[in-house]
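These values consider heavy atoms only, across backbone and side chains, with no hydrogens, waters or symmetry-generated copies.
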2 protein chains.
Amino acid sequence: MDRRLPRYQLLRDQLAARIAALEWRFDEPLPTEQELAASYGLAVGTVRKAIDVLEKEGALSRFQGRGTFIRRANFDRSLLRFFRFLDARGRRQIPQGKIQSRKTKRPPAHVANALGIEAGIAALQLKRLRLIDAKPLVSEEIWLPLSRFGKLEKLPIDDFGNLLYPLYESLCGQVVARASERLTIDLANDSDIETLKLQDAGSVVVIERIAYGLDGSALEWRISRGNPGHFSYTVDIR
Amino acid sequence: MDRRLPRYQLLRDQLAARIAALEWRFDEPLPTEQELAASYGLAVGTVRKAIDVLEKEGALSRFQGRGTFIRRANFDRSLLRFFRFLDARGRRQIPQGKIQSRKTKRPPAHVANALGIEAGIAALQLKRLRLIDAKPLVSEEIWLPLSRFGKLEKLPIDDFGNLLYPLYESLCGQVVARASERLTIDLANDSDIETLKLQDAGSVVVIERIAYGLDGSALEWRISRGNPGHFSYTVDIR
DNA sequence: CAGTGGTCTAGACCACGCA
DNA sequence: GCGTGGTCTAGACCACTGG
């Protein structure tokens, strides 16, 4: 099986394994292309092709003159790109995040399954409201495995801040590398209308997200229900 | 502008221009990488890089042993990927398309603008319903410039078939190469409720699309209003 | 079988970041 | 000035397609 694959693919796999093993921090460069070529016994061009693949996959970023680095995903905006988060002056901004409840309890079966934890094991549940200019836009329900995020059980609610993923990293050492989202439309229920201050009994946008770490394991399950009036999404297709 | 651009980029631009000029059909291969290298006075590796770019941009497809070809976009499913089009047996299928009206008249200003035609010039307007298992899912309003699509004015309504883009190509010689879509949510109006047979006075999914030809000019403007119950969209992000 | 694109090498020089 | 990644060359051989 391995023998048939091109060498740059084999190198890609080996580098991907070393990346998943957290061999390099975000701020330290990988070995030089020359060094990699020498240590793996390959030509530089072959090493470059392997790095090309990893760069296209989003795992690495290259900077001419500086080096090649683990890619730091910037989810600050990208994960909320389904909504127009414009403030009163029409500028894009990070919405305020307000934790509304924190509980330790058993997740529903489909959540436990998505997180890859055994049914019946407790997990951490957060409910959170996101606001722009003090107006609620999205309500979120978040589930986290206690094995990785136990420290969040005791953190004062006011210390959570507006962005969770930097907190996951600084407090729990968990880095979100990628995520998968599924978008649907649902009828607004009474809770939605009250929480999101919806005018009419219309619909809400529902986004179910699973976030994965550098090693590919599921870190977080999240469902968001948002005001459809602020929803806007653009795609180019070919 | 072309100050010291890399040669593979210059070659990419030249090839892109030749592609836009329809120099090659879908079924005939481009010149060999060797031939291109010789005729442009470049190394094969440089030519490969230029073709890599065009392939990643979706303009070309390479086939080992056969050659490099103009990419034939397959919009049959991709342009309706926002909806779950499952029939009674749970299988994916192309929805039925039913032309409901065809008129020649002046388009609204924003449509004329998007199509790049002068205000006040008439265009072709189609209204079309798309159904699965005879149940309406999406209603569409389509605008086409007469300069390119004049032949559609006289085509019998029953001859339009379920897919428009193959018709654009076979009848009018217009090939859709890419498109841009903007997705929003709107409250359902009376027309939506009647046309789409919606149960409640909820919302509809609105998709505004501009489709472009191989030469980059806008070919079609389209707005679709769909049943949100069948809406589902999945994205991977990093 | 001949011809295509795919992989790989071993160099060279260029553009950029940083000290 | 030095080291990084970026571009480019001129070959070689491999894997696949088609007649």
ask   = Reading nucleotides 7-12 of chain C 5' to 3', which nucleotides get B (base under 4.0 Å from a protein heavy atom), which S (sugar-phosphate only), which -?
value = BSS---
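- Across A:Ser180 and B:Asp236, no two heavy atoms sit closer than the pair OG-OD1, 3.0 Å.
- No hydrogens or angles considered: nothing links the side chains of A:Arg130 and A:Ser224 as a donor-acceptor pair under 3.5 Å.
- Each of A:Glu33 and B:Gly65 was matched to the nucleotide of DNA chain D holding its nearest heavy atom; the match closer to the 5' end belongs to A:Glu33.
- Taking the nucleotide of DNA chain C with the nearest heavy atom to each of B:Asp52 and A:Arg66, the more 5' of the two is matched to B:Asp52.
- Here the nucleotide nearest the side chain of B:Glu35, chosen from D:dA15, C:dC18, C:dT4, is C:dT4.
- Between A:Arg62 and the phosphate of D:dG6, there is a side-chain N or O to OP1/OP2 separation shorter than 4.0 Å.
- Taking the centre and axis of the six-membered ring of A:Phe69, the NZ or CZ atom of A:Arg72 falls outside the cone set by 45° and 6.0 Å.
- Remark: B:Thr68 is not in phosphate contact with C:dT4, judged by side-chain N or O atoms under 4.0 Å from OP1 or OP2.
- Without hydrogens or angle criteria, B:Asp133 side chain to B:Lys135 main chain gives no donor-acceptor distance under 3.5 Å.
- One distance of note links CG of A:Leu42 with CD of A:Glu33; it measures 12.5 Å at 0.5 Å rounding.
- Looking at A:Arg222, its side chain never comes within 3.5 Å of a backbone N or O of A:Glu140 through a donor-acceptor pair.
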